[in-house]
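All remarks here apply to the structure that follows.
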There are 2 protein chains.
Amino acid sequence: MISFTIRQMEYFEALAQVGHFGRAAAQVGVTQPALSAQIAEMEQRLDCQLFERGGRAVRLTEPGRQLQPRIERLLNELRDLGSIAQRGRSAMQGRFRLGIIPTVAPYLLPGLLPELRAHYPGLEVELREAITGTLMEETVSGRLDGFVAALPIDQPRLMWEEVFSDRFLLALPKDDPELTSPPVQPESPVLERMMLLEDGHCMREQALAVCGKVRPVAMANYSATSLTTLLHMVAHGHGVTLIPEIAAKADKAAGDLKIVPFADPSPMRRICLAWRVNSSRHDECRKLAEIIRAIAASGSAQKHGDQPDPHAGERQVAERENRAAVPKSI
Amino acid sequence: MISFTIRQMEYFEALAQVGHFGRAAAQVGVTQPALSAQIAEMEQRLDCQLFERGGRAVRLTEPGRQLQPRIERLLNELRDLGSIAQRGRSAMQGRFRLGIIPTVAPYLLPGLLPELRAHYPGLEVELREAITGTLMEETVSGRLDGFVAALPIDQPRLMWEEVFSDRFLLALPKDDPELTSPPVQPESPVLERMMLLEDGHCMREQALAVCGKVRPVAMANYSATSLTTLLHMVAHGHGVTLIPEIAAKADKAAGDLKIVPFADPSPMRRICLAWRVNSSRHDECRKLAEIIRAIAASGSAQKHGDQPDPHAGERQVAERENRAAVPKSI
DNA sequence: TCTTCCCATAATTTATTCTTATGATCAGTT
DNA sequence: AACTGATCATAAGAATAAATTATGGGAAGA
């Protein structure tokens, strides 16, 4: 395959413009033989003349004339490359591939995306909704820049910052007679009718942990694919379920339900933004975490209280907390 | 200004694809440190990371991701360059800038252009109609590839091939009573009413030469800008003029005139195709001359007889034939 | 903790490309 | 016609750039 060096093309460009070896050489800052040699090599490689010598000016031959506009365009593109790269250099610019778990996405994104678009127009957020295990794998391998999920995130190659904590509430059919006293106790028999998301969702595990000793056996094979579906099922009297506080506020389906808090210490999940420990976007991720934190504190997703129990979120998964189990179970 | 070498970009391309220094190096056929060094230099020049190391794969950073499509496009364009140049290499391809004198152009081109378009679709003929002096200057300086004009072309840096010879006839008003015997003698008093093209046209000089001793003084300030105009003026009885045989055949204005041949040896002009002696298109010019010759022999422009008098065309300019005078006088 | 894998660094060799010096050719001039 | 100045090509040596082999450090996985 025939190809030229950039230097050759620069010399070609100069010579085509100036039409004089000596002056072209001066223009590019070399001596005339240097330029001559490079042009000669180009011609030799193509096995055809690019310039017509003789007379008082050097002229392009037809092959040379074909080449000229191409070479000029190429050189100009090349000269742009530096600034192209700089464009992606400053923080909060370019494409950011963000993963979010399905039980957070619909409640966080409506607040987050407009905020990002308004403050960082140069940032293109590319979203991926998947369960924690998938997001971890994709982030570690570099297909994602970071993801939002529930703690614990236990992968030595990932690091995270907590962005908000999210209490779990109990959702019952509006006309359910069972519950009378508002704070649900962890031993309440109503938990036996708990409905779960399908396997892989961290909220499934978290719900099971809330139930504690009470086994919600009956509902095992009715597991739902999304939280909204689950809420609709509850509204139709198929059982009860756990609903995160952000969903209780934002999901329309919650309007048809009776939402009851748990007795203190309320179970909760702690949501974090996670990224690779050696990510080149470390600073951007920290900034993004800060933004999500601010949104959660004020907007569609809300941070829980002023003095969150630092251990409340871990209670329900304490017995499962070990590194090997995490990738699949969350 | 920041710029990269082609090698660097090739390494970048490979590394971005493969995500592994060692394998990328193998792919481009160098050792790993060589590739490492070039990538490092790119990053150093930009003062920003292009790849994120660590983990089992090397990933593009955001600046790197911005750069990647540009670099790939650039490399592909570069790879095309060779074939681009080859395109203009074969004969009768690309743009050919052809000059023609005004007293030939309208009669030769209708035959020539379709012929060229049919046989050499890759040839773009760019035309320039001007007087011989201009065409010579522009060809010598490289703005034209060649031109069609009347001999003599006496410029040491140009060479030419005769393509056809073209007899001069006398054009008179249709009802002009003067001439009775068909062959016009060079001493005929009718020549005193000769009308001329404006200065610079070679046919002006040629007409003057035909007149010989007879000075067409009266008509000097009525000189016309084109042969057709001249013929119209003759048709309206303003005088007589010389008409080349190709024009007599092709020009509509000739229908309104009485066309009379000269007595042997008939004056004529010899038309040639000329080009730079060191033109890169030498072969193409010779071929083009051949084509014009064929067209003249059969089509709209016709070669004169079987045995053209080799000196007939030079007779009328013999006294002016010297190098210094030619550029202006033809 | 140990091993393995992977990239960076160092020292040296090899290739490339420059510069200076000089030669050949051609256009314009004496 | 021979000279002169200009112009591009060529040659040899010097400088630069980029390759290779050898080696080191650090993170990932067993």
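All values below were derived from every heavy atom in this structure, side-chain atoms included, with hydrogens, water molecules and symmetry-related copies excluded. All of these numbers come straight from a predicted model, not from anything done at the bench.
- Proximity of Ser36(B) to the phosphate of dA8(C): a side-chain N or O atom is located under 4.0 Å from OP1 or OP2.
- When rounded to the nearest whole Å, the span between CZ of Arg53(B) and C1' of dG25(D) equals 15 Å.
- At a cut-off of 3.5 Å, with distance as the only test, a side-chain donor of Ser280(B) or Glu52(A) sits close to an acceptor on the other residue.
- For Arg157(A), the listed nucleotide lying nearest its side chain is dA28(D); candidates were dA11(D), dC7(C), dA28(D).
- Set against dC6(C), dA18(D), dC8(D), the side chain of His20(A) has dC8(D) as its closest nucleotide.
- Gln155(A) places its CD atom 16 Å from the P atom of dA27(D), with the value rounded to the nearest Å.
- Between Arg23(B) and Gly29(A), the one whose closest nucleotide on DNA chain C sits nearer the 5' end is Arg23(B).
- Between the CD1 atom of Ile6(A) and the C1' atom of dA17(D) there is a distance of 14 Å, rounded to whole Å.
- Side-chain N/O atoms of Gln32(B) and base N/O atoms of dA8(C) include a donor-acceptor pair closer than 3.5 Å.
- Heavy atoms of Phe51(B) sit nowhere under 4.0 angstrom from any nucleic acid atom.
- As a whole-Å value, the separation of Tyr11(B) OH from dA19(D) C1' is 8 Å.
- As rounded to whole Å, 13 Å separates atom C1' of dA15(C) from atom CZ of Arg7(A).
- Between Gln8(A) atom CD and dC18(C) atom C1' the separation is 14 Å, expressed in whole Å.
- For dA19(D), the OP1/OP2 oxygens have no side-chain nitrogen or oxygen of Thr31(B) closer than 4.0 Å.
- Residues Val277(B) and Phe21(B) both approach DNA chain C. Their nearest nucleotides, taken by heavy-atom distance, put Phe21(B) toward the 5′ side.
- Checking Gln32(A) against Ser36(A) by side-chain atom types alone, a donor-acceptor pair falls below 3.5 Å.
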Test ring-ring contact (aromatic ring centres under 6.0 Å, His included) on Phe51(A) and Phe12(A) and set out the steps. CA-CA 9 Å; Phe51(A) 292 92; Phe12(A) 177 98; 5.2 Å; yes
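- Side-chain contact check for Ser141(A) and Arg143(A): at least one donor-acceptor pair (N or O, by modelled atom type) lies under 3.5 Å.
- Here dA27(D) presents its P atom at 16 Å from CG of Leu158(A), a figure rounded to the nearest Å.
- Here the nucleotide nearest the side chain of Pro33(A), chosen from dA19(D), dT17(C), dT10(D), is dT10(D).
- By the neighbour-count criterion of 12 heavy atoms within 6.0 Å, atom CZ of Arg70(A) is sparsely surrounded, having that number or fewer from other residues, nucleotides or ligands.
- Taking only side-chain nitrogens and oxygens, Gln38(A) comes nearer than 4.0 Å to OP1 or OP2 of dC18(C).
- Whole-Å rounding puts the Glu52(B) CD to dG26(D) P distance at 19 Å.
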